[in-house]
Structure formats: C-alpha cells, structure tokens
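Just so you know, ligand 1 is whichever comes first in the structure, and atom 1 is the first atom listed for that ligand.
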Amino acid sequence: MNDNLKFYGADVSELIRDYGTPLYIVSEDYIRERCAEIRKSFTEKYPNTRAVYASKAFQTLDMCKIINSEGLGFDVVSGGELYAAIKAGVNPENIIFHGNSKTVWELEEAASAKVGTIVVDNMSELELLNEVAGREGIKQKILLRITPGVDSHTHRYISTGQLDSKFGFSADEALDTAVEKALQYENIDLYGVHFHVGSQLLENDSHIMAVEIILEMLGKLKEKYGFIARELNCGGGFGVHYAGDPERLPISIFVDKIMELIDQFYEKSGDERPTVIIEPGRWMISEAGITAYEVGSVKTNATGRIYVGVDGGMSDNPRVALYEAKYEVVAVEKYGEECTEKVTIAGKCCESGDILAWDVMLPPLERGDHIVLLCTGAYNFVMACNYNKMPRPAVVTVSDGVPRLSVRRQTYDDMLIGEI
Ligand code: PLP
C-alpha cells in the first residue's frame, strides 16, 4: 500500500474528499516560515528596512490576516485589492498603492482611506493626485516609479524594468519634470522612488544592476534639485522552484548585495540612507500552494500522446497559456507508484491551449484518480476566471496539519450575480 500524499501535515486525499476538486490548498506554515526568513535576513538584520507583501500574488481575507499578523505591509494595485486589505483589518498606513493606470476614483479611494504611500506611475497621475489630495485636505506621501532600463532574465510578460515597459518613468527628462513638479506641488510629499525589475528571477544580477542605475540617478537628482530620497523601494521578483527551474534562493542572496551597494553609496555621500523596502509576492506564497484535480478522460491520440483530462484548467490556472509556465505534477492515490507513462494534463476549457502540463511522467491514471500541480500558490487563484462558466475552486488553508476553508467554491448562482 502507498503512503498517502501529505501536504504540510494534511492528507491530500482527505482534503479532496472533504472539499472536492478542483481545490487550491495553501500552507499557512510555509507562509509564516517565509515571513520569519524575511525578518531574520532583512528587516531585523538591517535597520531602517521594511517588507511589504505584494498581494496581487494571492489575496484572500485569510491571507491578509496572516501577513498582517506577521507585521508585513501590503502592496495593492487596484481599488479592489485596497478594499479587501482594509476589510481584512490592514492598517491603511501600511499599504502601498501601485498601478500604471489608476483611475480618478481609485486615487480618491486611496486618499480618503489614508493609504500610507501611493507610487505614482506617470505625469498625468501626479497632477491628478495633487488635485485629489487637495480636495481631501491631505499632503499625500508618494514614490515615483522608475523604469531602470534593466532587461531581466524572465518571460517578457513578467519583465517590467526594461526601457520599453508600460510601467513608470524612464530615468530621463520625464523623470526630471516629475521630480520638479512633485517638489512644487502643495499636496504631494515626494518621499522617494520605486522600481521593480520583473518576476520569477532566480539570480540577483538584475536587482544589482537596477540598484546601481537608481543610485546614480538619485545622485543626479540631488545635484539638480537637492532632492534626497527618504525611501527606496526595490520591488519584488524573487523566484521560486517550478518544474525545470533551480531551487528557490534564500532572500539573503538578493537583499545582502542590494544593501551593501546602498550602504556604500550613502556612506560616501554622507546623506542619511533612505528606508529600503522590498515587495515579495511569488516568493512568499507560490510554493505554499498546490492545486488538486480529478482525472476525467484518459485518451491516446493518433500521434501517441496521452491526454489526461481534468476537472479544472486555464480558468483556475491561466499561467501555462499566458507564459508557458511549467509545473511538477504528482499523483495522489497512486503517489509513490512508478511513473511509467508520459502524459499531458489537459484542462477542460474549450481552448486547445488549455493545457496544465505537457509531457510529465506519472503512474498510469484512470477516471476518478486525483493529481496535484505543485507550486500554484502565486498568480493562480487571483487570476482565475469564469471562462466556460467554470466556478472558481475553493481555497483550503492548512495550518499545523489542520485544514480550514478560506474561500468557498463558487456556485453557478455566484457566477450569475450581477447579471440582469
Ligand atoms: N511589486 C510590484 C510593483 C510588482 O509589479 C510586482 C509584480 O508584478 C511585485 C512587487 C511582486 O512580484 P513577485 O510576485 O514576482 O515578487
């Protein structure tokens, strides 16, 4: 008999029996371990630093509460994410509001909620925010988002720091104008700058290059405008282990080098070093999550490829279709049996591109068996959609081996809410 597949102390077959499939399973223990690593290697090691969780990677009320209890701040990127974080009890002061195309009402919501920091992406937003903050009677703390011109080694859809990017100001005249204006505007408090080079980075050279560029740029801004940053936000992007990738790196590999460069720069300049901020998303949550599916059809086509159809797909995990993400797949009941068959895991959405994993080795599977995809914690649940009217799966959080329902499965009626 096989040992049952366990995930952080929980029996996966039992979770499937109790909560059904498809099912997102999340480990609270893993998330808390990452928070502890951040404290040990960053916020407690280096004075005057902060870590905020990029909630776009995975946001539920339950997750917000976990992160909040660990003392991290939050990065949000829309009015909806802001609303959910506040609803979960997050202090708005600890929220950083991002976005390349914020709407007027989102800026109003952020200002009236007294969000700690707004990261301004472009000139028209800066003008608008000055007006909004004026109406609100506040002086809004902001950072300017800079595109450092670093082409990170990652898929181009998750690379953000290159010159041709939809995000931020490039370090040229546009930035100069923005700094000049921000320093003049009555209702704006220009606190510093932000950059984010890209996601799923498994080396630290892109961050190092970006920090070097940003520091040089800050030197020039001081010369021109006397502007000395009080905050330097280095974004997120720290990678994790997907199929075919190296292992996740400890956070120290990224932050130690960044801190060394920043400290050297400020020692030399004689100015006080700004607060340094990081914004990890994927690194905190991706490996904390797996998704369980039930096998439906199993068939071999004319080319000899074996397709294993499951009860979910791109509606709960669009990452394969979006940027050819690769996942490790494990059989649940047949866990530990010899993996003798090369199969392709197909989703049930009506798209040929709806494949969850190409050519993975598994034991022979049949209808009613279950499989799990590993490392699905980040950018799955939050990217889920109702294509083909597929209800969004439930989220179960396992803490110390004990499961609890964090998000219930959508019903057909849930999907019709709002339809007239
Ligand atoms: N910060 C900003 C501004 C981002 O745009 C992102 C991701 O897009 C993140 C942080 C988090 O990135 P990751 O999940 O790769 O850590």
Using a strict 4.0 Å cut-off to heavy atoms of [X], name the atoms of ligand 1 that fall inside it.
| X | result |
| --- | --- |
| Pro280 | 16 (O) |
| Asp75 | 1 (N), 2 (C), 10 (C) |
| His98 | 3 (C) |
| Arg145 | 3 (C) |
| Gly237 | 12 (O), 13 (P), 15 (O), 16 (O) |
| Gly236 | 10 (C), 16 (O) |

Under 3.5 Å between any N/O of [X] and any N/O of ligand 1: does that happen in this structure?
| X | answer |
| --- | --- |
| His194 | no |
| Ala54 | no |
| Ser199 | yes |
| Gly281 | yes |

Item to check | Charged tip of Arg319 within 45° of Tyr242 ring normal and under 6.0 Å | outcome: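 Yes, Arg319 sits over the ring of Tyr242.
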
Checklist entry - Can Asn317 and Tyr24 be said to form a side chain to side chain donor-acceptor pair (under 3.5 Å), step by step? => result CA-CA 10 Å; Asn317 182 354; Tyr24 298 115; over 6 Å; no

Next on the checklist: Taking only non-hydrogen atoms of Tyr379, do any sit less than 4.0 angstrom from ligand 1?
Outcome noted: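 Distance cut 4.0 Å: Tyr379 passes for ligand 1.
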
Checklist entry - Measuring from the heavy atoms of Met284, does anything fall under 4.0 Å of ligand 1? => result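 In this structure, Met284 fails to qualify as a contact of ligand 1 - no heavy atom is under 4.0 Å.
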
Item to check | Atom pair OG (Ser399) and CZ (Arg32), whose distance is rounded to the nearest 0.5 Å | outcome: 7.0 Å

Item to check | Distance, nearest 0.5 Å, that separates CZ of Phe167 from CZ of Phe195 | outcome: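 Between atom CZ of Phe167 and atom CZ of Phe195 there are 15.0 Å.
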
Looking at [X] and [Y], would you say the former's side chain and the latter's main chain have a donor-acceptor pair under 3.5 Å?
| X | Y | value |
| --- | --- | --- |
| Gln59 | Glu81 | yes |
| Arg34 | Ala288 | no |
| Asp354 | Cys349 | yes |
| Glu287 | Val240 | no |

Item to check | Contact partition for Glu279 relative to ligand 1, non-hydrogen atoms under 4.0 Å | outcome: both

Checklist entry - ligand 1 versus Val77, non-hydrogen atoms closer than 4.0 Å: side chain, backbone, both, neither? => result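 For Val77, no heavy atom sits under 4.0 Å from ligand 1.
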
Item to check | His196 and His98 aromatic centres sub-6.0 Å | outcome: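 Between His98 and His196, which both carry aromatic rings, the centre distance is not below 6.0 Å.
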
Checklist entry - Taking 4.0 angstrom as the limit, do Glu44 and Lys40 come out as a salt bridge? => result no

Checklist entry - Counting heavy atoms only, which of Arg282, His196, Gln200 comes nearest to atom 9 (C) of ligand 1? => result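 Nearest option to atom 9 (C) of ligand 1, by heavy atoms: His196.
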
